[in-house]
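Quick one: this structure, given as structure tokens, is what I'll be asking you about.
Order of listing sets the numbers, starting from 1, for every ligand and every atom in it.
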Amino acid sequence: IRQEALDNIEEASDLKALQDIRVTYLGKKGSLTSVLRGMGSLPEEERPAIGEMANEIRKAITDEIAKKIDVLEQEALEEKLEQEAIDVTLPGRPVQVGGAHLLTGIIEEIEDLFIGMGFEVREGPEVETDYFNFEAMNMPKGHPARDMQDTFYLTDELLLRTHTSPVQARTMQQYSGSKAVKMICPGKVFRRDTDDATHSHQFTQIEGLYVDEHVRMSDLKGVLNEFAKRIFGEDRRIRLRPSFFPFTEPSVEMDISCKVCQGDGCSVCKYSGWIEILGAGMVHPNVLEKAGYDPEIYTGFAFGMGPDRIAMLKYGIDDIRNFYTNDKRFLTQYHYAK
Ligand code: FA5
């Protein structure tokens, strides 16, 4: 029995075969077990010797099976290691890393700049009331200037804001006319404009407002000049042209000088050498008064710029629709680094 069992164990090629061998010899009906069972019928003097021998054989079989299990497991492990071996010389697979959208990047850059000049960053709702979008900004119902911003109305009183200027009124109301305000507000705005290379029905604006005693037009000019140089470079100049907005008086539009033109990036202003990037002016006394500020004591300046157009100018992008059509080939060119 012993030799036969040990030979079988030697030949066994997997754990299942070993289990079968265990049953064949040591199981309830196994051959060694029946020897032990048959001991009762042996003459008494033979029993110890036979018993001892049977136990020895059981131990030999059990030990051999345990050893063989170790061997088989080791072999299985080695095979697995070989199969799963990592070839460290293979080139890595690139990891797809997300990044901020170019518009998000430029807005954050402009925010940082104004935070550095003491402005706080505020937000306002994209679904706005007719009151804040127009009336508080000195455009009562029927005012012709409302046509300058063709509007998506949701109801008679609710609309998608056409500019970030309503946040001026919201902020001043919160300060209740008794405290200086120095804030910027970035956000989405919506107009029923026909989409083309420089117009989108949804775009972004950054509003700016500074109200205090003795705020002057020269303060506005200083801040805008600093902004232009920091965003576009020291070699840029600004130009303020008289303009009209119902909520500022006087009103201006700001142009920025184009660099000496090289390549496509300059096509946006190749004719005049200047390009308009924002509207601004001194806050109209009616706007201050409606928001609870005494225009005899407080004055202020405000501006509203379009980061889409600023990004186009800064990076030489010739079509605003690139920002909104989510073509990864376009977006991934700009891993925005501040
Ligand atoms: C306004 O919206 C005023 N609220 C700005 C303002 C604020 C003036 C405070 C005075 C004081 P305007 O409609 O010009 O003004 O828009 C401001 C900027 O938004 C423009 O200079 C331009 O950069 C951008 N803009 C306007 N319309 C579009 C459009 N359809 N697509 C992309 N950008 C646009």
Side-chain angles (χ1 to χ4, degrees), residues 103 106-107 110 114 119 124 128 132-134 136-139 143 145-152 159-172 181 183-211 215 217 219-221 223-224 227-228 231-232 238-256 268-269 274-288 291 299-314 317-324:
L103 278 178
I106 195 117
I107 288 171
I110 296 171
F114 280 99
F119 287 75
E128 188 52 282
F132 277 114
N133 198 78
F134 289 125
M137 301 317 291
N138 203 26
M139 284 181 276
H143 193 290
R146 286 191 176 207
D147 295 346
M148 287 161 72
Q149 301 180 358
D150 208 353
T151 310
F152 290 111
L159 46 81
L160 296 180
R161 68 176 174 194
T162 56
H163 52 175
T164 43
S165 298
V167 187
Q168 288 186 31
R170 287 183 174 276
T171 310
M172 282 192 278
V181 176
M183 69 90 182
I184 58 163
C185 166
K188 292 196 193 90
V189 301
F190 309 84
R191 288 186 199 175
R192 292 179 42 163
D193 284 347
T194 307
D195 291 0
D196 63 23
T198 52
H199 292 82
S200 174
H201 59 281
Q202 178 202 304
F203 57 103
T204 55
Q205 282 193 341
I206 299 179
E207 195 75 12
L209 175 72
Y210 177 30
V211 175
V215 176
M217 188 88 180
D219 298 318
L220 170 65
K221 213 173 160 185
V223 165
L224 292 181
F227 155 76
I231 295 293
F232 294 104
I238 64 164
R239 177 171 87 172
L240 300 182
R241 275 181 297 105
S243 184
F244 172 77
F245 297 102
F247 33 92
T248 45
E249 180 58 38
S251 304
V252 292
E253 273 173 326
M254 183 173 107
D255 296 340
I256 176 156
V268 262
C269 57
W274 297 89
I275 181 158
E276 178 211 315
I277 55 164
L278 58 83
M282 300 305 290
V283 181
H284 196 289
N286 287 354
V287 174
L288 288 170
T299 51
F301 69 68
F303 57 83
M305 63 177 78
D308 301 62
R309 300 252 179 99
I310 291 168
M312 288 172 78
L313 184 61
K314 182 163 171 164
I317 293 158
D318 57 9
D319 197 320
I320 194 170
R321 287 167 290 199
N322 283 326
F323 295 133
Y324 300 103

Considering only non-hydrogen protein atoms, determine which one is nearest to atom 9 (C) of ligand 1 and report residue, atom name and distance to 0.1 Å. E207 OE2, 3.3 Å
Inspect the surroundings of CZ in R192 and state if more than 12 heavy atoms from other residues, nucleotides or ligands are less than 6.0 Å away. no
Describe, in one word, how the ring planes of F119 and F301 are oriented to each other, choosing from parallel (under 30°), tilted (30 to 60°) and perpendicular (over 60°). tilted
Which protein non-hydrogen atom lies closest to atom 33 (N) of ligand 1, naming both residue and atom, and how far is it? F203 CD1, 3.3 Å
Taking 4.0 angstrom as the limit and counting only heavy atoms of A302, give me the atoms of ligand 1 inside it, by number and element. 9 (C), 11 (C)
side-chain hydrogen bond (donor to acceptor under 3.5 Å, both in side chains) partner of T162, the single match among T151, D193, N133: N133
Can you name the atoms of ligand 1, numbered from 1 with element, that are less than 4.0 Å from a heavy atom of Q168? 9 (C)
Answer side chain, backbone, both or neither: which part of D308 comes under 4.0 Å from ligand 1, heavy atoms only. neither
Look at atom 4 (N) of ligand 1 and find which of M305, M254, H163 reaches it with the closest heavy atom. H163
Contact atoms of ligand 1, heavy-atom distance to S165 under 4.0 Å: 4 (N), 7 (C)
For the residue pair I310 and I106, establish whether any side-chain heavy-atom pair is separated by less than 4.5 Å. yes
For S200, atoms of ligand 1 separated by under 4.0 Å from a heavy atom: 29 (C), 30 (N), 31 (N)
Can R161 be said to sit on top of F190's aromatic six-ring, NZ or CZ under 6.0 Å from centre and within 45° of the ring axis? no
Do the side chain of T299 and the main chain of V215 share a donor and acceptor less than 3.5 angstrom apart? yes
Could you tell me the residue and atom name of the protein heavy atom closest to atom 15 (O) of ligand 1, and the distance to it rounded to 0.1 Å? F245 CE2, 3.4 Å
Taking non-hydrogen atoms only, is F303 closer than 4.0 angstrom to ligand 1 via side chain, backbone, both or neither? backbone
For atom 22 (C) of ligand 1, which protein heavy atom lies nearest, and how many Å away is it? R309 NH1, 3.3 Å
Taking only non-hydrogen atoms of I277 and a 4.0 Å limit, the atoms of ligand 1 in range are 21 (O), 23 (O)
Atom 10 (C) of ligand 1: of G208, P246, A280, the nearest heavy atom sits on A280
Identified ring pair (Phe, Tyr, Trp, His ring centres under 6.0 Å) counterpart of F303 within the set F247, F245, F114: F114
Give the atoms of ligand 1, by number and element, whose distance to some non-hydrogen atom of Q205 is under 4.0 Å. 1 (C), 2 (O), 16 (O), 17 (C), 18 (C), 19 (O)
Is T198 close enough to touch ligand 1? Criterion: a residue heavy atom under 4.0 Å from a ligand atom. yes
Give the single entry among E253, Q202, E276 that approaches atom 20 (C) of ligand 1 most closely by any heavy atom. E276
Nearest heavy atom to atom 13 (O) of ligand 1 wins, so pick from Q149, R191, M137. R191
Within 4.0 Å of some non-hydrogen atom of L278, the atoms of ligand 1 are 21 (O)
For atom 32 (C) of ligand 1, which candidate among T162, I320, T248 provides the closest heavy atom? I320
